[in-house]
Amino acid sequence: LRDFAATLQAELDELAAADRLRACHELAGASRQRPLGPAGPLLSFSSNDYLGLASHPEVLAAAATTAAREGFGAGAARLVTGDLPAHRTLERDLAIFTGRPAALLFPTGYQANLGVVTALAGPGDLIASDAANHASLIDGCRLSRATVAVYPHADPAGAAAALSRPGTFRRRLLVTESLFSMDGDDAPLAELAALAESHDAILVVDEAHALGTTGPGGRGLAAAAGIQPDVLIGTLGKAFGSAGGFVAGAEELRAFLVNRARSFIFATAPPPPVAAAAAAALRLAAAGEGDRRRERLAANRTLLLELLGPAVAPADRSFVSPILPIVLGSDARALAASARLREEGLFVPAIRPPTVPEGTARLRITFSSEHTPAEIDTLGQALRRILA
Ligand SMILES: Cc1ncc(COP(=O)(O)O)c(C=O)c1O
């Protein structure tokens, strides 16, 4: 066993030497924007709690009430032990929110992506996949054993070429995020939808970062583009402040996934209080409260872009992205910038390969509606000093 530990340590040492070692920071408190670190209070721009709903009183109350009524852990997978009211209610609400006939909950967004791609594609199928897609989509592609054609990021011509790969395929899938998690940019959804149509492909869109934050009433970038992907995927762990993932689409898709998505079939259902918390957050996000929070989120982004200027921050986009990358290049440079910000009480993570391509290590800033203008100003001043 000592040898085993030593071989692991040797790999960890190699990672450290390459500035690639990762570890989780210790935080406390209910706020994701103002957590408590070991050395005192921090101002965090790292969380995907974009609307501050993770600590909203109505979300907390829904979890507590449902825990008392339905218990905490679900007890087993739903095909084994059955659905609880919190599951059914949340799925109905998600279907209404996304404007689709049906929705199916998964324990996490990661498992939703894994389950969808492996259920819909297998050997003899073709998947066209954006080069910047999230690890969970990549893992789904790999596990599916389908032919995978990776196309250049957000490039419709590349997607068309990938979909036209010669060969006889049973089914073609076009898989993309709508709002990319590390670049904060958007996919050309209208063009991709047209391509899927003309190539008789199934369009799979992961809206993990877009639902709640963008589009009409927070309904995401597919809704903003006026398209209906065949398969829409979301998470409840980001703007909806809870945990879990879901797939929205036709009733037949839902029934198919219940029978074929292994990450649904063979995993314990989400705890009912977690589902109830997500349902409460969804109600807030879809209502006037959500609109007000999205306005504050947009204002925070605009303010930071103004403070940083075009030399540091990329040109503004047609939509309000809650994610702003500042690409610094080397891992060491990104790590040093993050560490200096941390010394000033600012928590902005350095994102390194393999999460992002080689040579594009970056600071990844995420905005929340709950950051105050003064806090954005503090971040802006610190970034200007550190990046000068
Ligand atoms: C684009 C994207 N899809 C899926 C996921 C996974 O969702 P979850 O955190 O709910 O597992 C993430 C991040 O976590 C993501 O950024």
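When a ligand or atom number is given, it counts from 1 through the structure's own listing order.
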Would a 4.5 Å heavy-atom cut-off, applied to side chains only, mark Leu105 and Leu236 as touching?
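Touching, per the 4.5 Å side-chain cut-off.
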His209 and Tyr50 side chains, donor-acceptor separation under 3.5 Å:
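There is such a pair between these side chains.
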Between Arg254 (side chain only) and Ala103 (backbone N and O only), is there a donor and an acceptor less than 3.5 Å apart?
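Between the backbone of Ala103 and the side chain of Arg254 there is a qualifying donor-acceptor contact (under 3.5 Å).
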Okay, side chain of Asn133, backbone of Ile138: is any donor-acceptor separation there less than 3.5 Å?
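It does not hold such a pair.
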Name the residues with a heavy atom less than 4.0 Å from ligand 1?
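For ligand 1, the contacting residues are Thr108, Gly109, Tyr110, Asn113, His134, Ser136, Glu177, Ser181, Asp206, Ala208, His209, Thr235, Lys238, Gly244.
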Glu197, CD atom: more than 12 neighbouring heavy atoms under 6.0 Å:
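No, because the 6.0 Å sphere around CD of Glu197 holds 12 heavy atoms or fewer from other groups.
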Do the numbers put Arg78 on top of the ring of Phe264, so that NZ or CZ is under 6.0 Å from the six-membered ring centre and no more than 45° off the axis?
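Cation-pi check for Arg78 and Phe264: fails.
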